Amino acid sequence: MSTFKAIVVEKAEARQTVRLTDFDDNDLMDGDVTVRVEWSTVNYKDGLAVTGKAPVVRRFPMIAGIDLAGTVESSSHADWKAGDKVILNGWGLGETHFGAYAQRARVKGDWLVRLPAGLSARQAMAIGTAGYTAMLAVMALERLGITPGRGPLIVTGAAGGVGSVAVAVLARLGYSVIASTGRPAEAAYLKGLGASEVIERKELAAAPRPLAKERWAGGIDVVGSTTLANVLSMTRYGGAVAACGLAGGMDLPGSVAPFILRGVSLLGVDSVMCPLALRQQAWSRLAAELDTGKIAAMTTEIGLADVIEAGRRIVEGQVRGRIVVKIG
Ligand code: NDP
């Protein structure tokens, strides 16, 4: 019998607890590929999972962690063999299937994406679900014809994980990026990632009007609620906004006016059940189009023992950019 270190979420008498503990190999869930986990990350959703602030974990006990990068140890899946370098995001990892904050994971081979050439496992987790979601949002805007020539794009929650990668990717693709943040002290950081303008989040916090002055061709929103309603009301005729987050709330207190009077589109982005072909495309574009210097500039490294505290900080909006977790 062998054991490994893992962050395990448990529930007793309706109360959720979390701890770093030893986990028995024999207790891993079914899967056709066993992965030695080398790197993980802390996303907002991981913060919700370890703090129990939202019902992310839906099976107890659960090894938390929605993102991993590592090396295949053994496989009975036709596509994978020992030694392959892989990434896994979503598909219920850390929610319904034992997750990434562990030295070993047993998963379905159908969920895995090959680590793209040019990215290390550490860089892949510096991008993580947050960065891959930012790329899915960029691709959604491109499909609607939102090219750099259409005008500036706004990114909300810009100093967070999705926001930081979105700013860097959009700027690299030639878009003029307006970064919205509640942390004006991060203006230099955001300009370093490529933002051409930084605005304060309070500009998007007032009660939304059905239509407001047109300010941008579209954007990427991670905040939801009043912020998203304001972003939509300020979007130019024919523009589009990709919505991928709820850091400010799950409601949407706006009107249909931007849709029916300005032809604005609201694009939903989901990373968890996203089809494999789109995932592979997003990851190969991130490898090719995201400046590795920018990834390094937005990344802080922690160990497995620091994850629970980092999870608390991310749900309080205190984390800048991305966190990578060295496992093992
Ligand atoms: P982070 O915590 O890193 O970033 C969120 C940012 O939002 C914060 O840094 C802050 O940015 C801003 N923010 C936080 N709270 C508020 C608030 N109350 N009002 C306004 N702005 C706020 O999280 P991630 O980047 O990892 O995730 C962002 C969101 O995207 C989350 O809601 C997450 O669940 C969601 N998400 C969804 C995915 C999907 O598949 N659809 C995948 C990945 C993430 P600043 O300080 O700059 O204002």
Side-chain angles (χ1 to χ4, degrees), residues 40-51 53-56 65-67 89-95 125-140 154-169 177-191 193 195 198-206 219-231 242-253 266-275 278-279 282 298-300 310-324:
S40 184
T41 176
V42 181
N43 298 283
Y44 188 85
K45 192 174 193 176
D46 293 308
L48 294 175
V50 298
T51 59
K53 287 213 164 148
V56 169
I66 66 166
D67 253 340
N89 319 93
W91 294 121
L93 195 73
E95 302 182 55
M125 285 299 98
I127 295 168
T129 288
Y132 140 71
T133 303
M135 181 53 91
L136 291 177
V138 170
M139 287 160 51
I154 183 157
V155 174
T156 63
V162 176
S164 292
V165 179
V167 170
V169 168
V177 182
I178 302 171
S180 163
T181 183
R183 291 178 277 180
E186 300 297 355
Y189 162 76
L190 291 165
K191 290 205 165 156
L193 294 181
V198 178
I199 66 169
E200 288 202 37
R201 84 157 71 132
K202 61 186 177 203
E203 288 191 38
L204 305 172
I220 296 177
D221 175 66
V222 310
V223 178
S225 191
T226 303
T227 301
L228 176 55
N230 273 307
V231 166
C244 59
L246 45 58
M250 216 171 180
D251 58 334
L252 183 52
L266 177 57
L267 312 172
V269 177
D270 167 60
S271 65
V272 178
M273 303 307 289
C274 175
L278 212 51
R279 286 170 188 262
M298 67 176 82
T299 304
T300 317
R312 290 194 185 105
R313 285 195 298 117
I314 200 166
V315 291
E316 287 165 9
Q318 290 174 16
V319 170
R320 182 179 92 173
R322 301 277 303 130
I323 295 174
V324 285

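Atoms within each ligand, like the ligands themselves, are counted from 1 in listed order. Since we're looking at a predicted model, the values are computed, not measured.
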- [ ] Please confirm whether Lys45 comes under 4.0 Å of ligand 1, counting heavy atoms of the residue only.
- [x] no
- [ ] Would you mind reporting whether Met298 and Arg320 have side-chain heavy atoms less than 4.5 Å apart?
- [x] no
TODO: Please determine if Gly248 has a nitrogen or oxygen closer than 3.5 Å to a nitrogen or oxygen of ligand 1.
DONE: no
Open item on the list: Could you report the tightest heavy-atom contact between Ala140 and Leu267, atom names first, then the distance?
Closed with: O-CD1, 3.5 Å
Task: Min side-chain heavy-atom separation Leu204-Val231 under 4.5 Å - done: yes
Task: Under-4.0 Å heavy-atom contact with ligand 1, by part of Thr133 that carries it - done: side chain
Open item on the list: I want to know if ligand 1 touches Thr227 in the polar sense, i.e. an N/O pair below 3.5 angstrom.
Closed with: no
Open item on the list: Using modelled atom types and a 3.5 Å cut-off, is there a donor and acceptor pairing between side-chain atoms of Thr156 and backbone atoms of Ser180?
Closed with: no
Task: Geometric cation-pi criterion, Arg279 with Tyr132: 6.0 Å, 45° - done: no
Open item on the list: With respect to Gly182, determine whether any N or O atom, backbone or side chain, lies less than 3.5 Å from an N or O atom of ligand 1.
Closed with: yes
TODO: Could you check if a side-chain atom of Thr181 sits within less than 4.5 angstrom of a side-chain atom of Val198, using non-hydrogen atoms only?
DONE: yes
TODO: Please confirm whether the backbone N or O of Val155 pairs with a side-chain atom of Asp221, one donor and one acceptor, at under 3.5 Å?
DONE: no
Open item on the list: Asn43 versus ligand 1: do any nitrogen or oxygen atoms come within less than 3.5 Å of each other?
Closed with: no
Open item on the list: Treating Asp270 as the side-chain partner and Met273 as the backbone partner, does any N or O pair qualify as donor plus acceptor under 3.5 Å?
Closed with: yes
Task: N/O donor-acceptor pair under 3.5 Å between Thr51 side chain and Arg312 backbone - done: no
Task: N/O donor-acceptor pair under 3.5 Å between Thr227 side chain and Val223 backbone - done: no
Open item on the list: Pairs of nitrogen or oxygen atoms closer than 3.5 Å, one from Gly163 and one from ligand 1: do any exist?
Closed with: no
- [ ] Indicate the atoms forming the closest heavy-atom contact of Leu252 with Ser225, along with that distance.
- [x] CD1-O, 3.9 Å
TODO: Provide, to 0.1 Å, the distance between atom 9 (O) of ligand 1 and the closest protein heavy atom, together with that atom's residue and name.
DONE: Arg183 NH2, 3.0 Å
Task: Those atoms of ligand 1 less than 4.0 Å from some heavy atom in Tyr44 - done: 2 (O), 23 (O), 24 (P), 26 (O), 27 (O), 31 (C), 32 (O), 33 (C), 34 (O)
Task: Under 3.5 Å side-chain donor-acceptor pair for Asp67 and Ser40 - done: no
Open item on the list: Under 4.0 Å from a heavy atom of Ser271: which atoms of ligand 1 are those, numbered in the order shown and with their elements?
Closed with: 39 (C), 40 (O), 42 (C)
Open item on the list: I need the nearest protein heavy-atom contact for atom 12 (C) of ligand 1: residue, atom name and distance, please.
Closed with: Gly157 CA, 3.7 Å
Task: Distance from atom 25 (O) of ligand 1 to nearest protein heavy atom, with residue and atom - done: Val162 N, 2.7 Å
Task: Element-labelled atoms of ligand 1 that are located less than 4.0 Å from some non-hydrogen atom of Gly245 - done: 29 (C), 30 (O), 32 (O), 35 (C)
- [ ] Return yes or no for this condition: an N or O of Val269 is under 3.5 Å from an N or O of ligand 1.
- [x] yes
Open item on the list: Under 3.5 Å between any N/O of Arg201 and any N/O of ligand 1: does that happen in this structure?
Closed with: yes
TODO: State whether the side chain of Arg322 and the backbone N or O of Ala126 hold a donor-acceptor pair below 3.5 Å, judged by distance alone.
DONE: yes
Open item on the list: Below the 3.5 angstrom mark, is there an N/O of Val272, backbone or side chain, next to an N/O of ligand 1?
Closed with: no
TODO: Show which atoms of ligand 1 fall inside a sub-4.0 Å distance from at least one heavy-atom site of Val222.
DONE: 7 (O), 28 (C), 29 (C), 32 (O)
Open item on the list: Check contact between Thr129 and ligand 1, using heavy atoms of the residue and a distance below 4.0 angstrom.
Closed with: yes
Task: Nearest-contact summary for atom 32 (O) of ligand 1 - protein heavy atom, Å - done: Leu246 N, 2.9 Å
Open item on the list: Is the contact between Ala247 and ligand 1 made by the side chain, the backbone, both, or neither, using heavy atoms and a 4.0 Å cut-off?
Closed with: both
TODO: Could you find the nearest protein heavy atom to atom 45 (P) of ligand 1 and give me its residue, atom name and distance?
DONE: Thr181 OG1, 3.3 Å
Task: Close side-chain approach of Ile199 to Ile178, heavy-atom, < 4.5 Å - done: yes
Task: For atom 4 (O) of ligand 1, closest protein heavy-atom neighbour - done: Gly160 CA, 3.3 Å
Task: Backbone N/O of Pro253 and side chain of Asp251: donor-acceptor pair under 3.5 Å - done: no
Open item on the list: Taking distance alone, with N or O pairs closer than 3.5 Å, would you say Gly161 contacts ligand 1?
Closed with: yes
Open item on the list: Just to confirm my output: which protein heavy-atom neighbour is closest to atom 38 (C) of ligand 1, and how far is it?
Closed with: Cys244 O, 3.5 Å
TODO: Would you mind listing which atoms of ligand 1 come within a distance below 4.0 Å of any non-hydrogen atom of Val223?
DONE: 19 (N), 20 (C), 21 (N)
- [ ] State the atoms of ligand 1, each with its element, that fall below the 4.0 Å cut-off from a heavy-atom position in Ala159.
- [x] 47 (O)
